[in-house]
Amino acid sequence: MADAPSLQLATSHPGRKFTRAQVPLHMSFTKTIDGKCARSASHTLPATSAPPEVAQSRVWNTKWKPEGFQGSTAWFCSEDCKEAWEKDEAGPLQMQLDATLTKAQVASRRKGPKPTNIPSLSSAAEITHDAIDQAWKNVDELVASKAQLVAHCATLDLGDAELDIARLLVSAIVRRHVSERTSSITDGLVDSDPHRNYMSWSHFLHLQNNELGNIRERRHVLSAHLRIYAFLCNALPKYLLPYIPTTVREVFARDTGTLLASGMGIAGTRCWGGGFGPSASYFNHNCSPNIRKTRQGRTLHFETTRAVSAGEELCISYVDTDQPVEQRQKDLESSWFFRCDCSRCKLESTVTM
């Protein structure tokens with residue numbers, strides 16, 4: 001969902017295709033549950049473990065790590081994929097910071113008394129915007145003192161799942177940093193290279209802010225958000241620190257319901273990851289959608305499934321439309337924080353009453 005206007009098409013026939021998202025704003029793969037870590041935004045972005053065999057006879061056997069490079073090693077399925085990735089300045093920087101984060105995680109696991117939790121929400125407190133704002137002010141007070149921040153992070157014991165979230169956040173920070181430094185990418189415009197066709201930060205901010213609803217539904221996530229925020233403030237180099245306060249909370253406020261997940265088979269396991277495609281997230285939901293999403297490499301394609309009238313809103317489905325109306329409503333309320341009032345829901349609700 002987005003606060004931007006709904007998407008409409010002048011006229012369309014079933015099967016008409018159009019592209020809404022070339023490359024996500026940022027994407028970072030996470031560790032597998034039962035296998036080695038391998039990160040890639042698609043087969044055109046790198047994995048950082050040794051080259052495992054990939055489903056459909058694809059093998060990551062093309063190595064990228066320039067001599068003297070202080071960062072993680074990247075593996076690709078082909079030279080073409082590697083060359084496409086190298087065109088983007090953000091890739092090598094991301095790999096360098098990946099190594100930085102890994103070292104910082106190890107440093108956070110020193111033996112000693114566990115740090116005092118950052119004050120967030122008491123179990124009895126009503127969850128309001130003001131209460132959440134105060135929790136973020138508390139962590140900013142900690143960050144303001146370098147000595148306190150270092151001491152806090154020394155025994156933070158950051159978990160692997162938290163590290164993967166930190167990687168996702170860093171990819172957003174890197175994207176903002178590179179975009180501001182590169183004149184070929186401006187606010188609302190993209191250059192001619194499809195591998196650098198990233199949406200601007202302002203487009204991302206148009207996505208619906210779900211912070212309050214998400215924390216009311218999952219109270220525990222706020223403490224995790226504050227821990228990761230403090231970790232990044234301690235781990236990242238100085239030139240990226242100004243981006244942290246204006247990036248981390250905004251991403252956390254929009255990840256629920258808008259994160260695009262993907263997966264691939266690697267050596268008998270599943271590797272999962274996700275990223276944001278702002279323009280793709282502008283589509284609203286309908287339980288009788290008139291378009292469907294398909295993925296082709298790094299591009300998301302949306303295809304109409306029936307004739308669409310002039311001025312008719314284009315909608316996708318956020319949930320499994322084969323589920324009964326009660327389950328669809330439950331899923332939408334827990335992850336997207338609204339009740340659907342489409343014509344199908346109204347009809348089925350009347351029948352089941």
Side-chain angles (χ1 to χ4, degrees), residues 1-9 12-21 24-25 27 30 33 127 161 165 168 204 206-222 224 251-264 270 272-296 300-309 311-353:
M1 294 181 65
D3 295 328
S6 59
L7 298 178
Q8 298 178 337
L9 193 65
S12 179
H13 299 284
R16 177 170 177 178
K17 298 179 180 179
F18 51 99
T19 301
R20 286 301 304 165
L25 176 72
M27 182 171 271
T30 64
I33 296 175
I127 301 177
I165 295 171
L168 180 66
F204 176 75
H206 278 302
L207 298 178
Q208 179 172 296
N209 186 318
N210 291 320
E211 181 181 60
L212 181 61
N214 186 32
I215 294 175
R216 282 178 171 172
E217 182 76 17
R218 307 168 184 86
R219 179 186 288 258
H220 65 278
V221 302
L222 181 57
V251 172
F252 279 140
R254 290 163 177 80
D255 65 346
T256 302
T258 57
L259 188 68
L260 303 176
S262 181
M264 64 173 61
R270 292 292 291 177
W272 289 97
F276 293 97
S279 61
S281 298
Y282 288 161
F283 289 108
N284 282 326
H285 164 83
N286 194 294
C287 292
S288 299
N290 51 20
I291 54 175
R292 61 171 172 254
K293 176 182 67 178
T294 60
R295 188 186 305 257
Q296 297 180 19
L300 292 177
H301 290 264
F302 293 85
E303 180 179 334
T304 54
T305 58
R306 60 172 175 78
V308 178
S309 303
E312 182 179 351
E313 182 179 4
L314 298 175
C315 293
I316 61 175
S317 176
Y318 298 168
V319 297
D320 183 357
T321 56
D322 292 332
Q323 295 282 357
V325 60
E326 295 85 357
Q327 186 61 49
R328 297 200 308 270
Q329 294 286 10
K330 180 180 179 180
D331 292 343
L332 290 168
E333 287 182 339
S334 64
S335 295
W336 288 272
F337 315 108
F338 72 92
R339 284 190 63 82
C340 181
D341 61 352
C342 71
S343 58
R344 179 184 170 187
C345 281
K346 290 179 180 178
L347 176 62
E348 293 180 7
S349 296
T350 301
V351 172
T352 57
M353 287 179 64

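Computed over heavy atoms, backbone and side chain alike; hydrogens, waters and symmetry mates excluded. We're numbering straight along the sequence, starting at 1.
- A donor-acceptor pair under 3.5 Å is formed between the side chain of Arg218 and the backbone N or O of Ser334.
- Below 30°, between 30° and 60°, or above 60°: for Phe338 and Tyr318 the angle between ring planes is above 60°, a perpendicular geometry.
- Taking both residues in full, the closest heavy atoms of Ile291 and Phe283 are given as CD1-CE2, 3.3 Å, listed atom of the first, atom of the second, then distance.
- A donor-acceptor pair shorter than 3.5 Å can be found between the side chains of Gln208 and Asn210.
- The distance from atom OG of Ser317 to atom CG of Asn286, rounded to the nearest 0.5 Å, is 8.0 Å.
- Cys287 contributes atom SG, which lies 11.0 Å from atom CD of Gln323 (distance to the nearest 0.5 angstrom).
- Counting heavy atoms from C-beta outward, Ile165 and Phe252 have side chains that approach closer than 4.5 Å.
- Relative ring orientation between His206 and Tyr282 is described as perpendicular, the plane-to-plane angle rising above 60° on a 0-90° scale split at 30° and 60°.
- Closest approach of Thr305 to Pro289, counting heavy atoms only: OG1-O, 3.6 Å.
- The line from CG of Asp331 to CG of Asp320 is 8.5 Å long, rounded to the nearest 0.5 Å.
- Note that CG of Asn290 is 4.5 Å distant from CZ of Arg306, once rounded to the nearest 0.5 Å.
- For the pair Arg328 (side chain) and Cys340 (backbone), a donor-acceptor distance under 3.5 Å is absent.
- The structure places OG of Ser281 at 7.5 Å from CD1 of Ile316, a figure rounded to the nearest 0.5 Å.
- Between the Arg216 side chain and the Ile127 main chain, a donor and an acceptor come within less than 3.5 Å of each other.
- Here His285 contributes atom NE2 and Leu332 contributes atom CG; the two are 4.5 Å apart, rounded to the nearest 0.5 Å.
- Residues satisfying the side chain to side chain donor-acceptor pair (under 3.5 Å) criterion with Arg339, sequence neighbours excluded, are Glu333.
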